[in-house]
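Here the structure comes first, spelled out in structure tokens, and everything after it is commentary.
Below, read A as the first sequence line, B as the second, and so on, with proteins coming before strands; counting in each chain starts at 1. These numbers were taken from a predicted model, which means no experiment stands behind them.
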Protein chains: 2
Amino acid sequence: MKNIRKQPTIKDVAREAGVSLKTVSRVINNSSKVKPETREKVLKAIKTLGYRPNAVARGLRIKKTYSIGVIIADITNNFYSNIVRGIEDVALSRNYSMLLANSDEMLSKEKLYTRVFTEKQIEGMIIVPSAGSKEYLKPLLKNVPIVFIDRDVEELEVSSVTVDNERGAYELTKHLIVDHGYTKIAYISHTMGVTTSDKRYEGFKRALYEFGITPIAELIKLDNKTAQDGYRATKEIISSGNRPQAIFTSNNVMALGAMKALEYYSLEAPRDIALVTFDDIKWAEGFRPHLTVMSQPAYEIGRHAANILFKQMDGESKLEKVVLPTQLIIRDSCGCTMIKKNN
Amino acid sequence: MKNIRKQPTIKDVAREAGVSLKTVSRVINNSSKVKPETREKVLKAIKTLGYRPNAVARGLRIKKTYSIGVIIADITNNFYSNIVRGIEDVALSRNYSMLLANSDEMLSKEKLYTRVFTEKQIEGMIIVPSAGSKEYLKPLLKNVPIVFIDRDVEELEVSSVTVDNERGAYELTKHLIVDHGYTKIAYISHTMGVTTSDKRYEGFKRALYEFGITPIAELIKLDNKTAQDGYRATKEIISSGNRPQAIFTSNNVMALGAMKALEYYSLEAPRDIALVTFDDIKWAEGFRPHLTVMSQPAYEIGRHAANILFKQMDGESKLEKVVLPTQLIIRDSCGCTMIKKNN
DNA sequence: ATGAAAGCGCTAACAC
DNA sequence: GTGTTAGCGCTTTCAT
């Protein structure tokens with residue numbers, strides 16, 4: 001912060017224009033009436049001085065910072081970057097800025113950032129909750145509106161925007177079983193302990209049980225953190241003596257890992273094995289294989305969450321748990337197109 | 001901001017602990033000596049009251065907000081999200097938070113956000129400059145350190161972190177010409193008027209001229225904004241009477257569009273046509289085709305930019321224009337693997 | 001080792 | 001219409 005020239009303040013403007021502080025303040029916020037010629041004088045003084053209002057001082061005074069905090073797992077995950085985009089578009093329309101942080105699924109980082117953001121007096125927060133107790137949030141909740149996205153924390157009275165993960169996974173699994181007749185299905189999940197992962201696994205099992213299929217422990221790989229983990233898990237599955245007919249990955253990161261593993265064994269979906277995943281991977285549209293997915297409306301999740309947050313900041317409404325629909329997008333990797341060809 | 005219980009202040013803590021304001025302040029910042037038992041008293045008061053320091057008030061006083069501003073084109077573009085990740089990781093290590101904004105390549109949004117961020121007293125900014133005059137930045141530059149990333153603004157004395165776009169595009173084009181013997185090469189660029197786009201186009205042309213190849217106007221589609229634009233441009237190229245042997249897309253967004261267009265015509269790269277692009281698309285690793293690319297170190301760009309920014313914020317160094325290396329990654333889509341197979 | 005008072009830049013009462 | 005005063009929550013002289 002060296003050789004930073006002192007910025008002119010409202011006081012300098014007042015002196016330059018020969019008016020009082022309050023008059024300048026009035027002009028800046030164009031509140032109440034100011035005589036046009038006075039206003040002109042002030043505007044001119046602002047211009048010649050290059051005055052810019054100090055939002056920190058203003059924020060301290062009016063107790064409004066026009067900032068919200070957003071904590072997601074990892075912005076390089078396209079699903080989250082689309083959510084963030086939805087949030088920012090809403091925030092912009094309200095003249096709010098967004099402080100962004102990545103938690104990397106670590107509760108410690110999540111806690112750190114909620115603390116920092118709160119100290120910075122953000123007016124609301126949108127959080128993708130990591131696994132682990134949310135006890136630490138309780139004192140905060142009285143003071144700052146929070147909305148959870150992607151995952152819910154059921155024991156907490158906090159608004160959330162999610163999708164029906166159990167049902168989505170159930171439907172996707174059912175497609176594999178009913179429309180393709182697969183019975184030997186591998187499952188690769190992301191981090192357990194968060195609702196997305198837990199519920200999807202439940203949905204998967206429900207479909208299996210419903211059709212009398214017993215899960216094969218060897219083909220179930222839970223709690224993977226990175227694409228690399230998904231890659232390894234898939235390799236184990238493929239190289240086991242018990243190769244499945246289909247693989248279900250619980251999110252886009254695992255799907256990426258699984259795809260690489262198939263590549264490794266020169267396996268093609270759906271020719272050699274079927275692959276479906278929760279989460280769409282939109283950018284892969286032009287690439288092969290075309291994945292059959294249970295898609296989530298990422299951008300809309302962000303928009304909804306932001307809208308709910310602003311409503312709460314406005315003092316309206318209290319608790320709102322929104323569950324957005326997922327969509328089964330049948331493309332090639334499940335084997336549907338092969339069936340068609342064979343007919 | 002309704003039913004927000006008034007947060008306890010340092011004053012309340014002082015009263016509760018029976019000490020002065022300054023003593024509390026000292027404990028919080030653990031500056032100078034405080035008698036252990038006094039410190040204990042204060043700590044206890046902080047705990048019982050649930051006191052959290054107000055960073056806005058602190059920021060106003062010490063003129064330090066521990067925040068930086070980041071303006072990129074679009075966070076849903078994986079290239080930018082990786083850059084942002086690099087920035088945040090450095091910022092976190094310095095205890096700084098990041099205000100993030102998307103400019104959507106619109107100068108108006110860029111201007112708006114630089115103004116807002118400056119008013120919020122961020123201590124530095126990292127910007128992906130949109131096309132258009134950067135005159136508006138001149139007054140700011142004296143007051144706040146700025147680092148440009150991805151693209152440079154040559155007429156401005158501002159630090160930047162970029163790659164050698166001209167050379168990268170030249171090398172990639174040369175690969176097409178020399179190693180594959182292609183002479184009929186289409187070019188699809190993203191938004192013109194920014195150095196990435198302009199320089200890559202120059203590099204492309206230089207390679208052509210060097211080998212005595214005349215660019216074919218019909219196959220050059222400049223200034224596309226979205227993947228959809230790239231999709232359309234590629235369709236025009238394919239459906240022209242003059243189908244090229246290879247397509248060069250100037251960034252990952254255009255590559256995505258081009259891939260979809262190839263799909264549309266059931267064309268496969270490299271079997272039917274070669275395709276190469278500037279920017280790697282890492283997540284496509286498991287998908288086909290495997291794109292031959294000129295890769296940029298996105299995360300490193302972010303890290304470097306943040307490090308330079310912090311150096312400037314510390315008052316060290318002045319101007320620093322860093323040019324990071326790109327890397328030619330030869331995979332399948334250029335036709336190299338086909339050549340191997342044929343041998 | 002601790003306290004009193006001033007002030008960061010702004011806005012909200014309340015005058016005039 | 002406009003100015004004066006006080007104060008947001010904190011840190012920083014300067015005393016003690």
* To do: Mind checking A:Val19 for me? I need base, sugar-phosphate or nothing, with any heavy atom below 4.0 Å counting as a touch.
  => sugar-phosphate
Round to the nearest Å and state the distance from [X] atom [atom1] to [N] atom [atom2].
{"X": "A:Ile10", "N": "C:dC8", "atom1": "CD1", "atom2": "P", "value": "13 Å"}
{"X": "A:Lys11", "N": "C:dT11", "atom1": "NZ", "atom2": "P", "value": "15 Å"}
{"X": "B:Leu49", "N": "D:dG9", "atom1": "CG", "atom2": "P", "value": "13 Å"}
{"X": "A:Lys63", "N": "D:dC10", "atom1": "NZ", "atom2": "C1'", "value": "12 Å"}
{"X": "A:Tyr66", "N": "C:dC10", "atom1": "OH", "atom2": "C1'", "value": "14 Å"}
{"X": "B:Glu119", "N": "C:dC10", "atom1": "CD", "atom2": "C1'", "value": "13 Å"}
{"X": "A:Ile28", "N": "C:dG9", "atom1": "CD1", "atom2": "P", "value": "13 Å"}
{"X": "A:Leu60", "N": "D:dT11", "atom1": "CG", "atom2": "P", "value": "12 Å"}

* Residue A:Thr9, side-chain heavy atoms: nucleotide from C:dT11, C:dG9, D:dC10 that is nearest -> C:dG9
* Candidates D:dT4, D:dC10, C:dT2 - which lies nearest the side chain of A:Ser20 -> D:dT4
Sidechain N-carboxylate O distance under 4.0 Å for [X], [Y]:
{"X": "A:Glu320", "Y": "A:Lys311", "result": "yes"}
{"X": "A:Lys134", "Y": "A:Glu155", "result": "no"}
{"X": "B:Arg303", "Y": "B:Asp89", "result": "no"}
{"X": "B:Glu119", "Y": "B:Arg115", "result": "yes"}

* Under the 3.5 angstrom rule, does the side chain of B:Asp104 hit a backbone N or O of B:Met106 as a donor-acceptor pair? -> no
* Donor-acceptor contact below 3.5 Å, side chain B:Ser97 vs main chain B:Ser67 -> no
* Which residue lies more 5' along DNA chain C, comparing B:Leu21 with A:Arg52 via nearest heavy atoms -> B:Leu21
* Short side-chain N/O contact from A:Asn29 to OP1 or OP2 of C:dT11, under 4.0 Å -> yes
* Tell me whether the OP1 or OP2 atom of D:dT11 has a side-chain N or O from B:Arg58 closer than 4.0 Å. => yes
* Structure fact -> When every non-hydrogen atom of B:Lys64 is compared with those of B:Glu123, the smallest separation belongs to NZ-OE1, 3.2 Å
Please write out the pairs of protein N or O atoms and N or O atoms of nucleotides 12-16 of chain C separated by less than 3.5 Å, giving the distance to one decimal.
none

